[in-house]
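Below you'll find the structure, written out as structure tokens, and then a few comments.
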Amino acid sequence: MNEIAIKKDGEIIDTQTAKECGFEGEQIHLDNSPESLEILRHSTAHLMAQAIKSLYPDAEFYVGPVVKEGFYYDFKTSAEIGEGDLKKIEKQMLSFAKKKYLIEKYEISMDEAKEKFKDDHLKLEVMKRIPSDTVSIYKQGEFEDLCRGPHLPNIGLIRYFKLTKIAGAYLGGDSKNEMLTRIYGIAFATKEALKEHMTMLAEAEKRDHRKLGNEMKLFTFREEVGAGFPIWLPAGGRLRARLESLLFKAHRKRGYQPVRGPEMLRSDLWKTSGHYQNYGENMYFTHIDELEFGVKPMNCVGHIKVYEDELHSYRDLPIKYFEYGVVHRHEMTGALHGLFRVREFTQDDAHIFCRADQIEEQIIEVVDFVDKIMSTFEFDYKMMISTKPEKAVGSDEVWEISTQALKNAMDKNELAYEIDEGGGAFYGPKIDIKITDAIGREWQCGTIQLDFNLPERFHLEYNGEENDKIQPVMIHRAILGSFERFIGILTEHYAGEFPMFISPTQVAIIPVAQTHKEYAKLLSDKLIDINADSEIYVKNDSLNKRIRTAEKTRVPMIVVIGDEEIKNKTVAIRDRRTREQYNLSEEEFLKLIQTKINEVNF
RNA sequence: GCCGACAUAGCUCAGUUGGCUAGAGCAGCUGAUUUGUAAUCAGCAGGCCCGGGGUUCAAAUCCUCGUGUCGGCACCA
């Protein structure tokens, strides 16, 4: 085992520094522990820089940190580097590693450093951000880099790595700055760990909802339709309809009323709401009869108009309106990504108009609603409170009150949350729900937003006990976020193997021969009666072929029927997961399906 | 929007340094076969090679402008 660093007072110190300062502490060996990988990957980033410098001598380097999924280095060179060059760089890295250069460290003054890197404007940029008078330099062979470490003692220890991606990145993460080249990589202490990681990446790729959506015929996109406008195919339509209907019932149980606003509204209204000023660049507008209309990017204004349709008493509150609201938002081209980021989507949107003293109970009720849904789909989740953003309407005081109200509701009910400073909506602070899927990735879905501003802007009111006019509070909330995004996430979460209750097709029926078609149709009708969709595979293919075809659709259950089954009024079931077969009477079978579909209640 | 890559049949992909009639598998259609748990056999059809414009005797192939997709960055009210 190689000692690569020590841990002293919780701090990781590389061997170079430890020797220099005479420190001693707990030894860190080269293995796949987080501390060890951090050092290894950081040094691998340097080795990559060394290789790049030798291949592209004019290269200048910015920063090369370790990140969650490995490491990267940002640099600039006059040469054009593409995906194909990664292999070449890897090869060069290996050949340097074989030379087993020691990684040496020394300190110099900031002025000396500026002189040393005077030809590298990126390094000078880095130094501008370092407040100290001295900096440390790490040297391996001819290559020297400004760095605070920690590093491996020897680059010969770097053996199992892979350069994974090449992309552009803004200097300092600011889109006003120049764009640099960024190469991502990953490194491990053992060959097995690297292999496992690559397998995991392949698994994530297999689950990609864009690929599965295409294979399973859920949805598609077409160039001639326009970027970011999804087309729902029959199978996707069925899946979506199931989700919608489950959720409809759940809303009704909780006292929400279905309503619907128009797809576009006069721009004057968007000016009143503040969307025109704060969100206009993402909106689609159209002019007709000398009037300007804005296609809705949110549903709140429509729901406000529903609220305004009659006078409300304090006794009526809370009033809850919900709508599967279709919205259009002009997202930037580079942001579009399958169903995850689109320009037209449907939100499971609702607005709760309530009294100030009802805020807490309403927030808690929504949080509970979220919990029911997310746990049904086996998602872990966490909540974030987002505060006032740069672009915002309303006074600081109102923002302070509403942010505090959200925190109070969470604190009082001992719900854990994190703070996202400046991440709120322009009209109010929000609680975002971030879910974690089956392979550990995080997604932002639902959101609960507290809004004092729109009621003010639209002069909403209700009659109080003294027959006085009081302004209601508005809570905007979506639980799935959007059907598009949520179905995309579900697809990856389940790797396409949707549970029975939302699966596009519940059962595939395969008659052994043509003579069994009639019974198949009979079964299929009985399934429709219990709200289950089935598909009969009657094509003139071998039995084996039809089973294979059905399996590939990832249908939860396949039933085969032949002479046996018809005689005994049974079905032969083949399970998707286990591929085992068993027989059930027709009655038992229908009951099983019914149970599986109805087992879910949000 | 920015950096880079890519776009060939419904889908997945071949297509030599620009050069004969642009190919394959799957899916589709037709016929034979009537099947007991992951691919029966044979035949047929299917293409404005993403769209404009250009270079060339000759363009799927080279250049250019769009459109779309992918990987990141920035964005995500």
Side-chain angles (χ1 to χ4, degrees), chain A residues 69 72 74 76 80-85 164-184 205 208 210-211 214-215 217 220-229 233 273-275 277-283 297-298 300 327 329-338 340-342 386 389-393 420 423-428 430 432 444 447 449 476 481-482 485 508 510-517 537-552 558-565 572-576 579-582:
Chain A
E69 284 300 306
Y72 67 81
D74 282 351
K76 197 179 172 102
E80 279 196 7
I81 303 186
E83 200 106 9
D85 297 307
T164 49
K165 275 175 258 194
I166 180 162
Y170 293 111
L171 189 153
D174 188 335
S175 61
K176 289 184 206 78
N177 289 340
E178 64 181 305
M179 179 139 292
L180 311 175
T181 304
R182 172 176 297 182
I183 296 182
Y184 285 91
E205 210 178 302
D208 192 316
R210 293 167 300 186
K211 184 170 163 282
N214 181 28
E215 271 175 30
K217 299 260 176 224
T220 188
F221 290 92
R222 307 215 65 137
E223 185 178 340
E224 67 270 27
V225 171
F229 296 116
L233 304 174
S273 70
H275 286 84
Q277 304 84 325
N278 291 283
Y279 201 66
E281 47 192 40
N282 282 320
M283 287 177 64
M298 301 179 199
C300 20
V327 295
R329 301 178 183 184
H330 190 82
E331 300 287 352
M332 282 195 281
T333 47
L336 301 174
H337 182 101
F340 289 163
R341 273 299 265 292
V342 287
S386 303
E390 262 178 56
K391 252 188 169 183
V393 295
D420 176 11
F426 74 78
Y427 44 75
K430 58 179 182 171
D432 281 330
Q444 133 106 66
T447 175
Q449 310 175 347
H476 310 241
S482 79
R485 193 173 164 73
I510 307 188
V512 173
Q514 294 292 320
T515 49
H516 311 123
K517 255 165 73 178
Y537 287 73
V538 275
K539 230 190 93 184
N540 186 9
D541 274 329
S542 68
L543 180 68
N544 279 351
K545 178 61 181 286
R546 284 177 290 146
I547 285 170
R548 180 183 157 83
T549 310
E551 288 271 8
K552 282 175 74 171
I558 295 177
V559 307
V560 176
I561 48 172
D563 290 337
E564 287 277 292
E565 286 72 24
I573 295 176
R574 180 186 163 99
D575 189 273
R576 167 175 66 187
R579 288 179 190 168
E580 275 165 9
Q581 297 149 38
Y582 56 99

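A note on names: the letters A, B, ... follow the listed sequences, proteins ahead of strands, and every chain is numbered from 1.
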If you look at every strand shown and take non-hydrogen atoms under 4.0 Å, does [X] touch a base, only sugar-phosphate, or nothing?
{"X": "A:Glu564", "answer": "base"}
{"X": "A:Asn544", "answer": "sugar-phosphate"}
{"X": "A:Phe426", "answer": "sugar-phosphate"}
{"X": "A:Ile547", "answer": "base"}
{"X": "A:His275", "answer": "nothing"}
{"X": "A:Lys76", "answer": "nothing"}
{"X": "A:Ala169", "answer": "sugar-phosphate"}
{"X": "A:Gly173", "answer": "sugar-phosphate"}
{"X": "A:Arg182", "answer": "sugar-phosphate"}
{"X": "A:Ala550", "answer": "nothing"}
{"X": "A:Glu565", "answer": "base"}
{"X": "A:Ala335", "answer": "base"}

Can you tell me how far [atom1] in [N] sits from the matching atom in [M], rounded to whole Å?
{"N": "B:C29", "M": "B:A14", "atom1": "C1'", "answer": "25 Å"}
{"N": "B:A24", "M": "B:A5", "atom1": "P", "answer": "32 Å"}
{"N": "B:A74", "M": "B:C3", "atom1": "P", "answer": "15 Å"}
{"N": "B:C41", "M": "B:G4", "atom1": "C1'", "answer": "49 Å"}
{"N": "B:A59", "M": "B:U40", "atom1": "C1'", "answer": "44 Å"}
{"N": "B:C11", "M": "B:U55", "atom1": "C1'", "answer": "35 Å"}
{"N": "B:C13", "M": "B:G53", "atom1": "P", "answer": "30 Å"}
{"N": "B:U16", "M": "B:U69", "atom1": "P", "answer": "27 Å"}

Can you give the dot-bracket line for RNA chain B, where a pair is Watson-Crick or G-U wobble with both atom distances under 3.5 Å, crossing pairs use [ ], and | marks a partner on another strand?
(((((((..((((.....[...)))).(((((.......))))).....(((((..]....))))))))))))....
Measure the acute angle between the ring planes of A:Tyr427 and A:His275, then classify it against the limits of 30° and 60° as parallel, tilted or perpendicular.
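Tilted, since the angle between the ring planes falls between 30° and 60°.
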A:Glu281 (side chain) and B:G1 (base): donor-acceptor pair under 3.5 Å
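Per atom types, no contact qualifies.
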For B:G1, does the base pair up with any side-chain atom of A:Tyr170 as donor and acceptor (N or O, under 3.5 Å, distance only)?
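Indeed there is one.
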Cation-aromatic face contact A:Arg182/A:Tyr72, 6.0 Å, 45 degrees:
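Cation-pi check for A:Arg182 and A:Tyr72: passes.
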Are any of [X]'s side-chain N or O atoms less than 4.0 Å away from OP1 or OP2 of [N]?
{"X": "A:Arg546", "N": "B:U37", "answer": "no"}
{"X": "A:Ser542", "N": "B:U35", "answer": "no"}
{"X": "A:Lys176", "N": "B:G1", "answer": "no"}
{"X": "A:His337", "N": "B:G71", "answer": "yes"}
{"X": "A:Lys545", "N": "B:A27", "answer": "yes"}
{"X": "A:Thr333", "N": "B:G1", "answer": "yes"}
{"X": "A:Lys165", "N": "B:G72", "answer": "yes"}
{"X": "A:Tyr184", "N": "B:G4", "answer": "no"}

Using atom names, set out every protein N or O paired with an N or O of nucleotides 7-13 of chain B below 3.5 Å, distance rounded to 0.1 Å.
{"from": "B:C11", "atom 1": "O3'", "to": "A:Asn214", "atom 2": "ND2", "distance (Å)": "3.3"}

Checking the side chain of A:Arg485 only, and the main-chain atoms of A:Val342 only, is there a donor and an acceptor separated by less than 3.5 Å?
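Not a single qualifying donor-acceptor pair exists.
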Counting only N and O atoms by type, is there a donor-acceptor contact under 3.5 Å from the side chain of A:Asn214 to the main-chain atoms of A:Arg210?
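The answer is no, because no donor-acceptor pair under 3.5 Å joins these two groups.
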Using heavy-atom distances to pick each residue's nearest nucleotide on RNA chain B, tell me which of A:Arg210 and A:Asp174 is more 5'.
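Here A:Arg210 is the residue nearer the 5' end.
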Want to settle it: does A:Lys539 or A:Glu331 sit nearer the 5' end of RNA chain B, counting the closest nucleotide to each?
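Nearest-nucleotide comparison on RNA chain B picks A:Lys539.
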For the residue pair A:Tyr537 and A:Thr549, establish whether any side-chain heavy-atom pair is separated by less than 4.5 Å.
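Answer yes - side chains close enough.
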Picking from A:Val559, A:Ile547, A:Val560, what satisfies side-chain contact (heavy atoms from CB on, under 4.5 Å) with A:Arg574?
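Only match with A:Arg574 under side-chain contact (heavy atoms from CB on, under 4.5 Å): A:Ile547.
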Heavy-atom pair of closest approach, residues A:Pro297 and A:Tyr279:
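Where A:Pro297 meets A:Tyr279 most closely, the heavy atoms are CB-CE2, 3.5 Å.
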Strictly below 4.0 Å, N to O, side chains only: are A:Lys552 and A:Glu215 in salt-bridge contact?
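The answer is no: the pair does not qualify as a salt bridge.
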List for me each residue that meets salt bridge (Lys or Arg N to Asp or Glu O under 4.0 Å) alongside A:Glu564, sequence neighbours excluded, and say none if there are none.
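A:Glu564 satisfies salt bridge (Lys or Arg N to Asp or Glu O under 4.0 Å) with no other residue.
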Can you tell me how far CD1 of A:Ile561 sits from CD1 of A:Ile573, rounded to the nearest 0.5 angstrom?
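One finds 12.0 Å between CD1 of A:Ile573 and CD1 of A:Ile561.
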